[in-house]
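Written below as structure tokens is the structure these notes are about.
Naming: A, B, ... by sequence-line order, numbering from 1 per chain.
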Amino acid sequence: MEFIPKQDFNPEKIADSGQCFRLNQLEPGRFRLTARKRCVELAERADAWALDCPAAEFDGLWRSYFDLDTDYAAFRAAVPEKDAYLTAAAKFGTGIRILRQDPWEMLVTFIISQRKNIPAIRACVEALCVRYGENLGREYAFPTPAALSGAGEEGLRTCALGYRAGYVLAAARLVQTGALDLEALASLGDGELLEALTAVPGVGVKVASCVSLFGYHRIAAFPRDVWINRVVHEHYRGRFPLYRYKGFAGVIQQYLFYYARYEGKNTKN
DNA sequence: TCCCAGGCGATCT
DNA sequence: AGATCGCATGGG
């Protein structure tokens, strides 16, 4: 059993922040995360979240995965008081952290994300895992490139991928054959990484930005989706002051996204 | 029935 | 280079 202080760590918010789709609430105060071929449960205590894993696994995986050694309060401190909207968003989103997720899983997941709402993305990803992922006991792992290559377009369409099935299959083949080395991309600069990712069919700037941010922890990336565009249009006259947040705009983006989606009241979307 | 969802790519002007 | 449109699927 390991513990994460509640200070600036909130699984409920992270689960609903749109960056990950396999952190699920089992019951109030209890979450289950499947990632990196592992499954871990988080249980709420008075001042901390308890993880049901050995110390070695926590230190070797989850501490980094949850980005626990980064000071998010320092990012929030860059928000000027005069920006009332972002000040409120940052306060509301305190506890969100940018997880260090698997690049392959992020690539597939965010290809799927286009023109889908978050519950639909979750359903697709879950279907893929159950159908093509390794059985881990309590949950299924995210499928390997080889598994999705073997699924074929029809198999993928069974998981409600729709027209994205061809994109996912193409990506799976690129990675499986070695034509695309996702691990090697980690050594690229932000710009080169974005370029390499957008070369994948079905991956544009927005999806590539999400993969950069959530799969390669490029926290300078600032994915612009319909929610962000809406916020920027309604609260910033179409111009968001990115210059204030150089190097960590992705963190700000998460606060904006989470707050905007909450504000839209349709928390279901 | 219409509209929208963490867009992208092809096809126009 | 910018604007428009089709694309699968599900939910409100």
Side-chain angles (χ1 to χ4, degrees), chain A residues 13-23 89 92-93 96-99 101-103 105-128 130-131 142 148 151-172 174 180 194-236 238 240 242 249-269:
Chain A
K13 293 181 185 177
I14 293 170
D16 197 32
S17 70
Q19 63 172 300
C20 66
F21 302 89
R22 305 201 70 203
L23 174 57
F92 186 73
I96 294 174
R97 313 181 77 80
I98 310 291
L99 305 187
Q101 302 184 75
D102 177 65
E105 180 174 339
M106 292 301 97
L107 179 61
V108 174
T109 298
F110 281 97
I111 285 175
I112 291 171
S113 77
Q114 60 182 270
R115 299 295 291 174
K116 277 185 179 294
N117 58 31
I118 289 179
I121 299 165
R122 294 185 101 96
C124 284
V125 170
E126 184 59 23
L128 279 181
V130 169
R131 196 170 163 87
F142 191 84
L148 292 190
E153 190 164 332
E154 285 312 305
L156 297 180
R157 278 179 187 266
T158 306
C159 300
L161 297 202
Y163 67 90
R164 309 158 192 82
Y167 294 148
V168 170
L169 184 60
L174 282 173
L180 176 61
L194 203 72
E195 195 177 336
L197 290 171
T198 51
V200 178
V203 177
V205 172
K206 190 272 170 182
V207 168
S209 298
C210 285
V211 177
S212 294
L213 178 56
F214 305 129
Y216 291 90
H217 205 73
R218 304 303 174 92
I219 62 172
F222 188 84
R224 294 174 184 271
D225 61 13
V226 291
W227 292 95
I228 295 298
N229 285 335
R230 191 174 301 156
V231 166
V232 171
H233 177 73
E234 290 179 4
H235 296 276
Y236 297 91
F240 185 73
L242 273 178
V251 175
I252 300 301
Q253 193 271 5
Q254 278 289 276
Y255 290 142
L256 288 173
F257 179 80
Y258 182 72
Y259 192 53
R261 238 166 51 85
Y262 164 78
E263 265 198 324
K265 261 183 216 161
N266 266 333
T267 322
K268 292 147 298 221
N269 278 345

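Mapping Pro201(A) and Cys20(A) onto DNA chain B by nearest heavy atom places Cys20(A) at the nucleotide closer to the 5' end. Position along DNA chain B of the nearest nucleotide to Gly202(A) versus Gln19(A) favours Gln19(A) as the more 5'-ward residue.
Residue Phe257(A) is in base contact, counting any heavy-atom pair closer than 4.0 Å across all strands shown. Contact annotation for Gly18(A): base contact, defined as any heavy-atom pair under 4.0 Å involving a base atom.
Side-chain contact between Asp225(A) and Ile228(A) is present, with heavy atoms from C-beta onward closer than 4.5 Å.
Side-chain proximity of Arg115(A) to the nucleotides dT9(C), dA8(C), dC8(B) is greatest for dA8(C).
Going from atom NZ of Lys116(A) over to atom P of dC4(B) covers 17 Å, rounded to whole Å. One can place CZ of Arg164(A) at 10 Å from C1' of dG10(C), the figure rounded to the nearest angstrom. Atom CD of Glu126(A) and atom P of dG10(C) are 16 Å apart (whole Å). We find that CD of Glu154(A) is positioned 11 Å from P of dA8(C), with the value rounded to whole Å. In this structure, Asp225(A) places its CG atom 10 Å from P of dC8(B), rounding to the nearest Å. Between the CD1 atom of Ile121(A) and the C1' atom of dA8(C) there is a distance of 14 Å, given to the nearest Å. For Ile228(A) and dA5(B), the CD1 to P distance is 13 Å, given to the nearest whole Å. Regarding Asn117(A), its CG atom lies at a distance of 10 Å from the P atom of dG7(B), rounded to whole Å.
Side chain Tyr163(A) to base dG7(B): a donor-acceptor pair is found below 3.5 Å.
The phosphate of dA5(B) has OP1 or OP2 within less than 4.0 Å of a side-chain N or O from Arg230(A). Considering only side-chain N and O atoms, Arg157(A) lies under 4.0 angstrom from the phosphate OP1 or OP2 of dA8(C).
Remark: nothing in residues 204-222 of chain A comes within less than 4.0 Å of DNA chain C through any heavy atom.
Checked by atom type and distance alone, the side chain of Gln101(A) never pairs as donor or acceptor with a backbone atom of Met106(A) at under 3.5 Å. With Arg224(A) contributing its side chain and Asn229(A) its backbone, the two residues share no donor-acceptor pair below 3.5 Å.
Taking the six-membered ring for Trp and the full ring otherwise, the centers of Phe110(A) and Phe21(A) sit less than 6.0 Å from each other.
Identified under the side-chain hydrogen bond (donor to acceptor under 3.5 Å, both in side chains) test for residues 107-116 of chain A, with sequence neighbours left out: Gln114(A)-Tyr163(A). Among residues at least two apart or in separate chains, there is no side-chain hydrogen bond (donor to acceptor under 3.5 Å, both in side chains) pair with a member in residues 205-215 of chain A.
The aromatic rings of Tyr262(A) and Phe92(A) sit tilted relative to each other, their planes meeting at an angle between 30° and 60°.
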